[in-house]
Amino acid sequence: MAEVTLNALKTIPTERKTWSLRLRDFNSIKFGRRLRSPAGTQLERDAIFELKPFLEQLIGDVDLTRPERALYILSGVDGGKYLLSEQISNGFESLAQFQPVERGYLTSTPLEAATAFVMLNLGLMRAKSNFSVLDPYAGSASLLQAAKYINPNAKCLAVERDWKVNFSSIRQNFDDLNLSTEDLKFVRADFRDHGFGNNQFDLIICDPPYGLRELLDARRGENSSCSADLLFAVQQKNLLKGGGRLVFFHPVTTNEEGVVTDEHFDIDERYFDLIHSFDQYLSGRLTRRLLVLQKKLTT
C-alpha cells in the first residue's frame, strides 16, 4: 500500500461543512492527454481505505455536487505516496471566460487560461502599440486570445499546420469574447518551412504538440523534436527582435531508475540568455519544463 501524506491539510476541521473526495491519478498521464478521474476504480477504493482514520473525523455530510470542502487524493506524484489536498480557490473570476470549456470551438488539448496568462507575463507581454506576437503552434489560439485581452492592438500571427483546425471557428471564439481580431492573422503552414520575410517579433510563445506531432514526423522518416526545431527556426530565420523573448514548454521524462531521458538540445548562449526555467510535475515519470529565453541585444 502507498504511504498516505496529508498535504495542505494541517489540522482536522472542527466546523461542520459538506465535503467531497475525488482521486486524480497521475501515473497514467501522457503528454497531450487530459487528466481524468478514475472514479469507482480499485485504486480509488484503496486510497479511501487508507485515509479512513482521517475521513472518520470530518464533520458534515457528503455532497458530490456543490461541496463546501473539495478534497482530492493525488496518486503517483511523489514516489508512490497518496497526497491529500484541498481545493482552496476557483481562481480569478475574470479568467473564467477564457477557460476552454467556455469556448464554442476547441482543438484536442487547449491550453488552460491561467497558464496562458502566466506565459504571457513571463514573455513581457505589454499593452503598447506595435507589440508583435507569434505562436508557431497555435492550435485553437489560447495564447493569442490572452494576448489580445492584454493588448487589443497587438499584432498577432498564428501558424498552425493541422488542416483540421478551423480558423473561422477560432475567429468566432475571439468575437464571442469581444476580443479584437484586427491585426490577427492565421497561416496554414509548418512554421519550419514558412517564409516570414523580414518580420521580427517582440514575443514568440507556444505550447508545442509534443508526442503526437513528433510521432507523425517519425512515421514520415523525420528525426524531429519540437524544442530543437523551434530554437533552430527562431535563430535561422532571425524571428526575434533584440531583447525579445521566446517562451515555450519542453517535455522531460525519466526512466524507472529516475534518470532523465528527455531529448537533448543546446541553447546557444551567444544568441539567448536563459531567463527562467520552471518544472511542472505531472507524474512520477513526466514533467513539462517552461523555458523563458531572451535574445541578446547584439548577437
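From a predicted model like this one, the values you see are computed outputs, not experimental measurements.
- Separating the CG atom in Leu230 from the CD atom in Gln235 is a distance of 10.0 Å, to the nearest 0.5 Å.
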field: Step-by-step side chain to side chain donor-acceptor pair (under 3.5 Å) determination, Asn199 to Lys237
entry: CA-CA 9 Å; Asn199 290 321; Lys237 300 174 185 289; over 6 Å; no

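- Atoms CG and CZ, from Asp207 and Arg288 in turn, are 5.5 Å apart once rounded to the nearest 0.5 Å.
- The line from SG of Cys206 to CG of Leu111 is 10.5 Å long, rounded to the nearest 0.5 Å.
- Other residues, nucleotides and ligands place more than 12 heavy atoms under 6.0 Å from the CZ atom of Phe248.
- Take Ala141 and apply the side-chain contact (heavy atoms from CB on, under 4.5 Å) test, not counting sequence neighbours, and it matches Leu144, Ile170, Phe174, Phe186.
- Taking every heavy atom of both residues into account, Asp63 and Pro67 meet most closely at O-CB, 3.1 Å.
- Under a hydrophobic-cluster definition in which Ile, Leu, Val, Met, Phe, Trp and Tyr are linked whenever side-chain heavy atoms come within less than 4.5 Å, directly or via other members, Phe232 and Phe201 are assigned to different clusters.
- Rounded to the nearest 0.5 angstrom, Gln294 CD and Leu297 CG are separated by 7.0 Å.
- Closest non-hydrogen pair, Pro136 versus Ile205, comes out as CD-O, 3.7 Å.
- Under the 4.5 Å side-chain heavy-atom criterion for Ile, Leu, Val, Met, Phe, Trp and Tyr, Leu240 and Leu274 are members of the same hydrophobic cluster.
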query: Are Val292 and Arg245 close enough, and set up right, to give a side-chain contact (heavy atoms from CB on, under 4.5 Å), and what steps lead you there?
result: CA-CA 7 Å; Val292 182; Arg245 289 196 170 186; 4.0 Å; yes

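- The stretch residues 173-182 participates, sequence neighbours left out, in these side-chain hydrogen bond (donor to acceptor under 3.5 Å, both in side chains) pairs: Gln172-Asp176.
- Under the 4.5 Å side-chain criterion, counting only non-hydrogen atoms from C-beta, Tyr72 is not in contact with Leu23.
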Result block: side-chain N/O donor-acceptor pairs under 3.5 angstrom for residues 122-133, not counting sequence neighbours:
| unit_1 | atom_1 | unit_2 | atom_2 | d |
| --- | --- | --- | --- | --- |
| Ser132 | OG | Asp202 | N | 3.0 |
| Ser132 | OG | Asp202 | OD2 | 3.1 |

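- Taken to the nearest 0.5 Å, the OH atom of Tyr271 stands 11.5 Å off from the OG1 atom of Thr298.
- Taking the side chain as every heavy atom from C-beta outward, Asp135 and Tyr137 approach each other to under 4.5 Å.
- Contact detail for Gln97 and Leu177: the closest heavy-atom pair is O-CD2, 3.3 Å.
- Within a 6.0 Å sphere centred on NZ of Lys241, heavy atoms belonging to other residues, nucleotides or ligands number more than 12.
- Listed by chain and number, the residues in a side-chain contact (heavy atoms from CB on, under 4.5 Å) with Asn153 are Asn151 (sequence neighbours excluded).
- Side-chain atoms of Glu112 come within 3.5 Å of backbone atoms of Ala114 as a donor-acceptor pair (strictly under, hydrogens ignored).
- Ser169 is linked by a side-chain contact (heavy atoms from CB on, under 4.5 Å) to Tyr105, Asn166, counting only residues two or more places apart in sequence or in another chain.
- The nearest pair of heavy atoms linking Ala147 to Leu120 is N-CD1, 3.4 Å.
- For Lys296 (side chain) and Asp273 (main-chain N/O), no donor-acceptor pair under 3.5 Å exists by modelled atom type.
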field: Full working for side-chain contact (heavy atoms from CB on, under 4.5 Å) between Leu246 and Leu231
entry: CA-CA 9 Å; Leu246 170 62; Leu231 290 174; 3.7 Å; yes

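- Expressed to the nearest 0.5 Å, how far CG of Leu291 lies from CG of Asp279 amounts to 8.5 Å.
- Linking Ile, Leu, Val, Met, Phe, Trp and Tyr residues whenever their side-chain heavy atoms come within less than 4.5 Å places Ile204 and Phe278 in a single cluster.
- Among all heavy-atom pairs drawn from Arg103 and Phe98, the shortest one is NH2-O, 3.2 Å.
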- request: Show your reasoning for whether side-chain contact (heavy atoms from CB on, under 4.5 Å) applies to Arg192 and Arg161.
  value: CA-CA 10 Å; Arg192 298 173 297 179; Arg161 79 178 196 179; 3.2 Å; yes

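- Side-chain heavy atoms closer than 4.5 Å link hydrophobic residues (I, L, V, M, F, W, Y) into clusters, and following such links, possibly through other members, connects Leu64 to Leu71.
- Shown here are the side chain to side chain donor-acceptor pair (under 3.5 Å) partners of Ser20, two or more places apart in sequence or in another chain: there are none.
- Contact detail for Asp162 and Glu160: the closest heavy-atom pair is N-OE2, 3.0 Å.
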- prompt: For Gln200 and Asn238, what are the C-alpha separation, side-chain angles and deciding distance, and is it a side-chain contact (heavy atoms from CB on, under 4.5 Å)?
  reply: CA-CA 7 Å; Gln200 289 185 309; Asn238 195 27; 3.1 Å; yes

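- Ring orientation note: the planes of Phe196 and His194 are nearly perpendicular, at an angle over 60° on the 30°/60° scale.
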